Amino acid sequence: MTSGARGSTGWANYSIGDFSLEASWDIPPGRITAFFGPSGAGKSTTLRLIAGLLRPSAGHIEIGGRVVFDGEEGVLVPAHRRRTGYLTQQFHLFPHLKVRANIAYGLDDARSATGQERVRHLIQTLRLEGLEDRYPWELSGGQQQRVSLARAMAPGPELLLLDEPFNSLDAELRRVLRSELRAMIVDSGIPTMLVTHDREEALAMADWVQVMDQGRMISEGEPLDVLGQPGRGRVARLVGVENLLDLVIESQNPRDGTMICVGEGIRLEVPLDQEGANPGSGRADGSDAVRIAADPPRRVTVGIRASDIILSSNDLKGSSARNRLQGVVMEVEAHPPGYTITLDCGRILQCHITGASMAEMEIKPGQQLWAVFKASSCFLVQE
Ligand code: ADP
């Protein structure tokens, strides 16, 4: 099943009403690019422009080395000739066709030996054996998702367009299908564009992430670089950094590469702000070990991921973690596969823990706990 050996590249502009979009992409064969961003950012519109369901006001789109749209040259290949496999969250299976016929639908040579072999191969790869003669309504959500994926892949597309394909599935099934789908895409060599607003999904599936907001790409890069510790405020908020604290710099310690940031009810040790390093006023003894921040104090936003915080029932005094905050549990919320604990430490902190930790600690609202995290788990968010 090798196709799409030339990837897809292009750019497209489009506007409708007040909304204007400027998108661009470059996806090598067998690679997955995630379009990540909030609802209304323009992700689905981008996919529709590439699929040929919408016409860009300007642009140049190549799929599998072939130009399918060029505004200046007047090239416009219709949707059904673009060789894209387009999968949306609704699956859109034909209710009157059985699984086998649904998969074979887009094949010109469905009756030939090669066509039949292709369908058989997809049924096997997507583990649909035994379900060939069922109707879509006789399938579970996960099975329907696989059938629609098989149908999208059957004609040997040069580009896969996946628009929130896991949305209607439960969390456990998503996790399983994600890794299966990723393996299949890499194996098939088909370049893939994945639309998602789920950070975990983008991290699990994508080779490259483009963050979109209000019709513009505001950041792109390796998934961990963009979604791990995002440096820019808007990106940090979009990718859901759970804890963003507005603080002021109290003092800087260049030797340790750290500084103390304070706010009402909270005091944190965080990595030094290298770019905006503040000379402040040196110590009386002339050493530069500790610098007192200038007046007026500089404001910073400090981000901490919920998963980087350890919860403990006592003060881990002997630990190397520089930040230990005592707080009261406000809320315990199941967030499969773990739990989110909301802790009031003077400021509200969201913390993630695993199911096993929850079972052991039996955390309940009202309980006193310590939130413990390293200075290096804190990062500065530039607005
Ligand atoms: P996303 O997929 O990122 O959630 P969409 O691409 O679906 O975003 O939508 C992007 C923007 O385009 C939205 O602000 C939406 O209001 C606007 N939009 C999409 N389709 C239409 C339409 N048919 N008429 C008016 N506005 C539209």
Side-chain angles (χ1 to χ4, degrees), residues 8-27 31-63 68-69 71 76 78-80 82 84-92 141 145 148-149 152 157 159-169 171 174 177-178 181-182 185 190-221 223 226-227 230 232-241:
S8 173
T9 173
W11 62 275
N13 293 351
Y14 179 75
S15 54
I16 182 160
D18 295 342
F19 180 76
S20 82
L21 174 76
E22 287 178 17
S24 61
W25 64 93
D26 184 3
I27 314 175
R31 292 306 183 102
I32 303 174
T33 288
F35 280 131
F36 180 91
S39 182
K43 307 181 299 292
S44 302
T45 303
T46 306
L47 255 56
R48 284 190 212 114
L49 290 165
I50 297 169
L53 303 176
L54 292 174
R55 184 181 180 152
S57 53
H60 176 91
I61 302 177
E62 287 183 27
I63 298 174
V68 296
F69 179 82
L76 178 65
H80 64 279
R82 289 201 182 183
T84 59
Y86 191 11
L87 184 60
T88 68
Q89 49 188 293
Q90 282 91 27
F91 303 155
H92 294 301
Q145 200 262 9
S148 48
L149 185 60
L159 175 67
L160 258 187
L161 302 169
L162 306 177
D163 195 343
E164 310 248 15
F166 305 109
N167 250 17
S168 53
L169 308 178
R174 278 178 189 216
L177 286 178
R178 258 181 221 158
L181 182 53
R182 178 170 164 82
I185 289 167
I190 305 175
T192 298
M193 230 173 230
L194 168 76
V195 162
T196 182
H197 63 263
D198 180 337
R199 178 177 170 273
E200 208 186 306
E201 189 164 294
L203 282 172
M205 284 201 62
D207 299 292
W208 193 253
V209 173
Q210 299 189 196
V211 182
M212 285 189 85
D213 187 33
Q214 297 174 12
R216 299 289 181 275
M217 184 174 71
I218 59 168
S219 174
E220 69 174 321
V226 177
L227 302 172
R232 284 178 44 207
R234 182 74 186 139
V235 177
R237 285 183 216 283
L238 289 177
V239 305
V241 172

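What you see is a predicted model, and the numbers here were worked out from it, not measured in a lab. We count ligands from 1, going down the list as the structure has it; atoms in each ligand are counted the same way.
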- Proximal atoms of ligand 1 relative to Ala41 (non-hydrogen, under 4.0 Å): 1 (P), 3 (O), 8 (O)

- Task: Heavy-atom contacts with Pro38 under 4.0 Å: which atoms of ligand 1 show up? List them by number with element.
- Result: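 Under 4.0 Å from Pro38, ligand 1 has these atoms: 3 (O).
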
- Item | Nitrogen or oxygen atoms of Ser44 and ligand 1 under 3.5 Å apart | yes

- Task: Please determine if Val195 has a nitrogen or oxygen closer than 3.5 Å to a nitrogen or oxygen of ligand 1.
- Result: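 No, since none of the N or O atoms of Val195 sits under 3.5 Å from an N or O of ligand 1.
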
- Query: So, Arg31 and Asp26, do they make that salt bridge, N to O below 4.0 Å?
  - Reply: no

Can you tell me if [X] uses its side chain to pair, donor with acceptor, with the backbone of [Y] under 3.5 Å?
{"X": "Thr192", "Y": "Ile190", "answer": "yes"}
{"X": "Lys43", "Y": "Pro38", "answer": "yes"}
{"X": "Asp213", "Y": "Ala41", "answer": "no"}
{"X": "Thr196", "Y": "Asp198", "answer": "yes"}

- Message: More than 12 heavy atoms of other residues, nucleotides or ligands under 6.0 Å from CZ of Arg82: yes or no?
- Response: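 Yes.
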
- Name the option, out of Phe36, Phe19, Phe35, that contains the heavy atom nearest to atom 17 (C) of ligand 1. Phe19

- Would you tell me which option among Ser15, Gly40, Ser20 has the nearest heavy-atom contact to atom 13 (C) of ligand 1?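 Closest candidate by heavy-atom distance is Gly40.
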
- Message: Quick check on Gly17 - does any of its heavy atoms sit under 4.0 Å from an atom of ligand 1?
- Response: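 The answer is no: ligand 1 sits nowhere under 4.0 Å from a heavy atom of Gly17.
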
- Gly42 near ligand 1, heavy-atom distance under 4.0 Å? yes

- Message: Suppose we screen for side-chain hydrogen bond (donor to acceptor under 3.5 Å, both in side chains). Which residues come up paired with Arg48, at least two apart in sequence or across chains?
- Response: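 Once residues adjacent in sequence are excluded, Arg48 has no partner under the side-chain hydrogen bond (donor to acceptor under 3.5 Å, both in side chains) criterion.
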
- Query: Which bit of Thr45 gets closer than 4.0 Å to ligand 1, counting heavy atoms only: side chain, backbone, both or neither?
  - Reply: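 Under 4.0 Å from ligand 1, Thr45 contributes backbone and side-chain atoms.
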
Show me the donor-acceptor pairs, under 3.5 Å and distance only, between side chains in residues 52-61 and residues at least two apart or in other chains.
from  : atom 1 : to    : atom 2 : distance (Å)
Ser57 : OG     : Asn13 : O      : 3.1
His60 : ND1    : Asp70 : OD2    : 2.6
His60 : NE2    : Glu62 : OE2    : 2.8

- Does the protein put a heavy atom under 4.0 Å from atom 4 (O) of ligand 1? yes

- Query: At what distance is the nearest protein heavy atom to atom 21 (C) of ligand 1, and which residue and atom is it?
  - Reply: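 Atom 21 (C) of ligand 1 sits closest to the protein heavy atom Ile16 CD1, 3.8 Å.
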
